[in-house]
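Reviewing the structure listed below.
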Amino acid sequence: YGKIKTETTLCTLAVARAFVATLESSLNDDEPKKTALCIQLVGNRFLRRMVRILVATALREAIVILSTNDPSGKTTDDPSQPRPPANNRLVEILQSLDRSQSARSAPPQGLVFASAAF
């Protein structure tokens, strides 16, 4: 074991998307359906805690977008009001190369590794 020496820490993120999935219980038909937020990240490699940091930052920014209707921070409870358009805040954070702009790492509970391809 130990640290693996690499020549670069450059990681390319090809896909980053989030969606809500409805989960049904196969054991009990009477159980209500549950929903889960799925975040898909596809890249050529990930550094230690990188996925946890990306997930936490995406969640933080999503909460801001969903809870405000304008940049001033005015909140609304009216579902008929349009939501603000998706912004490029995550791209700005990544391009800044400033770790202090991102959120703290998300806890590992609830995060699931789906697959790897080579």
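- In this structure a side-chain-to-backbone donor-acceptor pair under 3.5 Å is missing from Arg45 to Cys11.
- Within a 6.0 Å radius of CZ in Arg99, more than 12 heavy atoms belonging to other residues, nucleotides or ligands are found.
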### Task
Apply the test side chain to side chain contact (heavy atoms under 4.5 Å, CB included) to residues Cys38 and Val20: give CA-CA distance (whole Å), side-chain angles for both, the deciding distance (0.1 Å), then the verdict.
CA-CA 6 Å; Cys38 299; Val20 176; over 6 Å; no

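- Minimum heavy-atom separation, Arg52 to Ala106: NE-O, 2.6 Å.
- The cluster map of Ile, Leu, Val, Met, Phe, Trp and Tyr, joined by side-chain heavy atoms under 4.5 Å apart, puts Ile93 and Phe46 in different clusters.
- In this structure the side chain of Met50 never reaches within 4.5 angstrom of the side chain of Leu41, judged on heavy atoms.
- Remark: Leu111 CG to Ile39 CD1 distance equals 8.0 Å, nearest 0.5 Å.
- To the nearest 0.5 angstrom, Gln101 atom CD is 11.0 Å from Gln95 atom CD.
- Separating the CZ atom in Arg104 from the CZ atom in Arg49 is a distance of 11.0 Å, to the nearest 0.5 Å.
- Leu94 places a side-chain heavy atom less than 4.5 Å from the side chain of Leu54.
- Counting all heavy atoms, side chain and backbone alike, Thr57 lies closest to Ala103 at OG1-N, 2.9 Å.
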